[in-house]
Amino acid sequence: MLLNLHIMNLALIDELDIDFSNGLNILTGETGAGKSIIIGSIGIGLGGRFDSSLLRDAEKDGLVELVFSVDNDVVNELCKLEIDAQDGEVVISRRCTNGRTVNRINDATVTLAKLKAVSECLISLHAQHEQRTLLKASKHLELVDSYSSAAPKLKEEVRELYATFREITEKLDGMSLNEQERIKRLDYIRYEINDIESARLSVGEDTELEALYKKVSSAQEIAEIVSEVMQLVGTERDDSAGSRISRAVRVSQELTKLDSDSEKIVSMLLDIEGLTNDFMAELSEYAADMEFEPETLRETEERLNLINTLKSRYGRTIEDIIESCDNLKKEEEELASYDEVIAGLQKKKSEVYSDLKKKCDALSKERKKAAKKLCSDISDAMKELNFNDVRFDMTFDETEPGANGIDKAEFIISTNIGEAMRPLVDTASGGELSRIMLAIKSVVSEADDTPTLIFDEIDVGISGITAEKVGRMMHKLGEKRQVIAITHLPQIAAMADSAYVIRKEVVGSKTLTDIKRLNEEGRVCELARLLGGESVTDNILQAARELLENNRKGDS
């Protein structure tokens, strides 16, 4: 469940910290006090839009942080998403800083997609716009599928089969050639294969050729440098290093006749002379290697041009060219045995379509079975919400097999005796939609077992006894999971296990939104405000106490 909501620098909020409890948590407050900001902040924490335009002070960071406690079932689900919650707690935070949003789960930075996936395991937010979503027939099947234990696996199998069917179909479409086109394509492929194979490429050859080309094209310049070095180091000139070292050796040898301690110096000088001679030998050998036949440059250049031409046609590297050749050979084999390949693909397509149709039929059967129970349960829930003469069902039409099966379905409803059943979109008013959504969510939530449900103004368009029944259903939901809801109605507010009031206050030169958890007397005063508005009399206070007391008796 949601233990704590922490908000910083968002809309009318400087900083706010809210602890929630088990059961039904009800939030009330004057219009414009900031109730929507609180629910909106939760939506941001779950992955909603969060940018600098939402910040109270653009120079400061904005933060929304949600702290959840989780049971073992949720821990296991989170493990599948690579989230460690073994300590029984999950912290989701989203910080808006310098125009970018940083998403974290348990202090680890995550993508927005992962944050949303984790959020779905923890909480379900039902805002007012979901009433419009409820009218979309495309969403109705999703509700049925969520109510069935077998449908999700069948849907996945249908998706996989349909993907295979589409792949085969696209391949067949791509092979739709007449005989003349096939022969033309086959000839061209064989030309390309020969073009590559005749080059007799070897991996790494281009690198070696590029080095050789650079060397050959620079041979004259290299020869000139080598010649100059030979003259500077060799013995051909009196002022060269080799000649001077040789003379130094001869002179130093006279030194040993005069002083035996000089032998080490003379030995070192002899080593230098030896190294100079070795250097000159290596340099002469290097110079000999730089002597190329006139044809070498031309042949190297032509080979490189050939390889670069093949690269421009078949790939950026020699490995790519070889791979292209292998792919061409596969296509050549298919075209050479074109009729057999087509026949094989057509047979496979027919087999996969047959399997797909059977799996779609199985999914449709399961959906119709689940829809019957779902609609019955929703009807029962709606009767609890003062729909006394309601009939609720689902129609099914069959379509061509697709990734979602063969079903086109939508809810139909009649809320009055003698009234024909019509699509939900054509019948329900705003107030009815609020109750229908609550009925659906109360039924479906039993199947998905989401730990926390949040309802934003579920009481739109209702009052009186209907409001009381809505409140009782929400309280019933709160017996098995945490429910957080905003309401304007005292009948619903009186059902709360924990009550909060949201107020807008002027502090200094700032207008701020604050929230406070109410004690017993605070609940009575807030119920009295909801009952009587600004004019709260002793009679209204007494009515508020009685409303709260009657609710407790109804629960016992």
Side-chain angles (χ1 to χ4, degrees), residues 1-11 13 15-18 20 25 27 34-56 60-70 73-85 89-134 136 138-139 142-143 146 152 437 441 444-445 448-458 481-486:
M1 73 173 193
L2 178 60
L3 297 176
N4 178 267
L5 170 64
H6 185 65
I7 310 167
M8 288 177 55
N9 192 33
L10 188 67
I13 298 171
E15 185 168 8
L16 206 60
D17 209 55
I18 312 169
F20 292 104
N25 296 257
L27 283 62
K35 298 186 293 299
S36 60
I37 297 173
I38 304 295
I39 297 300
S41 298
I42 296 175
I44 287 172
L46 302 179
R49 186 178 71 89
F50 193 16
D51 58 45
S52 55
S53 67
L54 300 173
L55 302 183
R56 179 181 180 85
K60 297 179 181 179
D61 291 355
L63 174 69
V64 175
E65 186 174 83
L66 307 172
V67 182
F68 294 89
S69 66
V70 292
D73 289 339
V74 176
V75 168
N76 293 335
E77 288 300 311
L78 294 176
C79 282
K80 297 175 185 177
L81 297 170
E82 300 179 344
I83 298 297
D84 183 10
E89 191 169 280
V90 175
V91 180
I92 293 177
S93 71
R94 301 191 72 209
R95 182 181 294 273
C96 182
T97 178
N98 296 324
R100 61 186 291 266
T101 303
V102 179
N103 311 307
R104 291 181 177 273
I105 298 178
N106 293 346
D107 290 329
T109 302
V110 298
T111 64
L112 182 59
K114 174 168 277 193
L115 183 142
K116 288 182 176 180
V118 169
S119 297
E120 288 177 1
C121 297
L122 301 170
I123 194 167
S124 181
L125 174 59
H126 309 299
Q128 293 181 61
H129 68 81
E130 280 209 54
Q131 295 181 15
R132 295 190 297 272
T133 302
L134 184 63
K136 296 179 181 178
S138 60
K139 295 294 181 182
E142 292 181 17
L143 290 170
S146 69
M437 185 175 79
K441 294 302 181 182
V444 173
S445 64
D448 64 26
D449 204 26
T450 306
T452 298
L453 301 176
I454 297 182
F455 294 99
D456 181 9
E457 300 195 20
I458 194 69
R481 55 182 47 76
Q482 183 188 46
V483 178
I484 301 171
I486 286 177

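This structure is a prediction, so every number in the text was calculated from the model and none was measured. FYI, side chains are in, hydrogens and waters are out, and symmetry mates aren't considered; it's all heavy atoms of this structure.
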Under 4.5 Å between any side-chain heavy atoms of Val70 and Glu77, yes or no? no
Do the side chains of Pro451 and Arg481 get nearer than 4.5 Å, heavy atoms only? no
Atom of Cys96, atom of Ser52 and distance for their closest heavy-atom approach: SG-N, 3.6 Å
Under a plain distance cut-off of 3.5 Å, with no hydrogens placed, do Asp17 and Asn4 share a side-chain donor-acceptor pair? yes
Ignoring hydrogens, what is the shortest heavy-atom contact between Leu10 and Ser41? Give both atom names and the distance. CD2-OG, 3.1 Å
Applying side-chain contact (heavy atoms from CB on, under 4.5 Å) to Val118 and Val110, what does each step give before you reach the verdict? CA-CA 10 Å; Val118 169; Val110 298; over 6 Å; no
Find out whether Leu27 and Phe20 are in side-chain contact, i.e. whether some heavy atom of one side chain is under 4.5 Å from a heavy atom of the other. yes
Please identify each residue that fulfils side-chain contact (heavy atoms from CB on, under 4.5 Å) with Arg100, with sequence neighbours left out. Val102
Return yes if some donor-acceptor pair links the side-chain N/O of Asn106 with the main-chain N/O of Asp84 below 3.5 Å, else return no. yes
Does a side-chain heavy-atom distance below 4.5 Å link Ile92 with Leu122? yes
Quick one: pull up CG in Leu112 and CZ in Arg49 and give me the separation to the nearest 0.5 Å. 13.0 Å
Any side-chain heavy-atom pair of Val74 and Phe68 under 4.5 Å: no
What distance do Ile7 atom CD1 and Leu66 atom CG have between them, rounded to the nearest 0.5 Å? 8.5 Å
Ile39 vs Phe455, side-chain contact (heavy atoms from CB on, under 4.5 Å): CA-CA, chis, key distance, verdict: CA-CA 9 Å; Ile39 297 300; Phe455 294 99; over 6 Å; no
Measure the NZ-CG distance between Lys114 and Leu81 for me, rounded to the nearest 0.5 Å. 7.0 Å
Residue pair Arg94 / Asn103, side-chain donor-acceptor N/O under 3.5 Å: yes
Has the side chain of Asn9 got a donor or acceptor atom that lies under 3.5 Å from a matching backbone atom of Asp61? yes
Show the numbers, then the answer: is there a side-chain contact (heavy atoms from CB on, under 4.5 Å) between His6 and Glu15? CA-CA 7 Å; His6 185 65; Glu15 185 168 8; 3.0 Å; yes
Leu78 versus Cys121, closest heavy-atom pair with distance: CD2-CB, 4.1 Å
For the CD1 atom of Ile38 and the CD1 atom of Ile18, what is their distance to the nearest 0.5 Å? 4.0 Å
Any heavy-atom pair between the side chains of Glu65 and Arg95 that's under 4.5 Å? no
For Asp107 and Val91: C-alpha separation, side-chain torsions, deciding distance, then whether side-chain contact (heavy atoms from CB on, under 4.5 Å) applies. CA-CA 8 Å; Asp107 290 329; Val91 180; over 6 Å; no
When rounded to the nearest 0.5 Å, the distance separating CG of Leu46 from CG of Leu115 is 7.5 Å
May I ask you to check whether Thr452 and Gln482 show a side-chain donor-acceptor distance below 3.5 Å? yes
When you compare the side chain of Leu5 with that of Val64, does any pair of heavy atoms fall below 4.5 Å? yes
If you take all heavy atoms of Ser36 and Ile486, which pair is closest and at what distance? N-CD1, 4.5 Å
Would you call Glu89 and Val67 a side-chain contact if the rule is heavy atoms closer than 4.5 Å? yes
To the closest 0.5 Å, what do you measure between NZ (Lys441) and CD1 (Ile454)? 13.0 Å
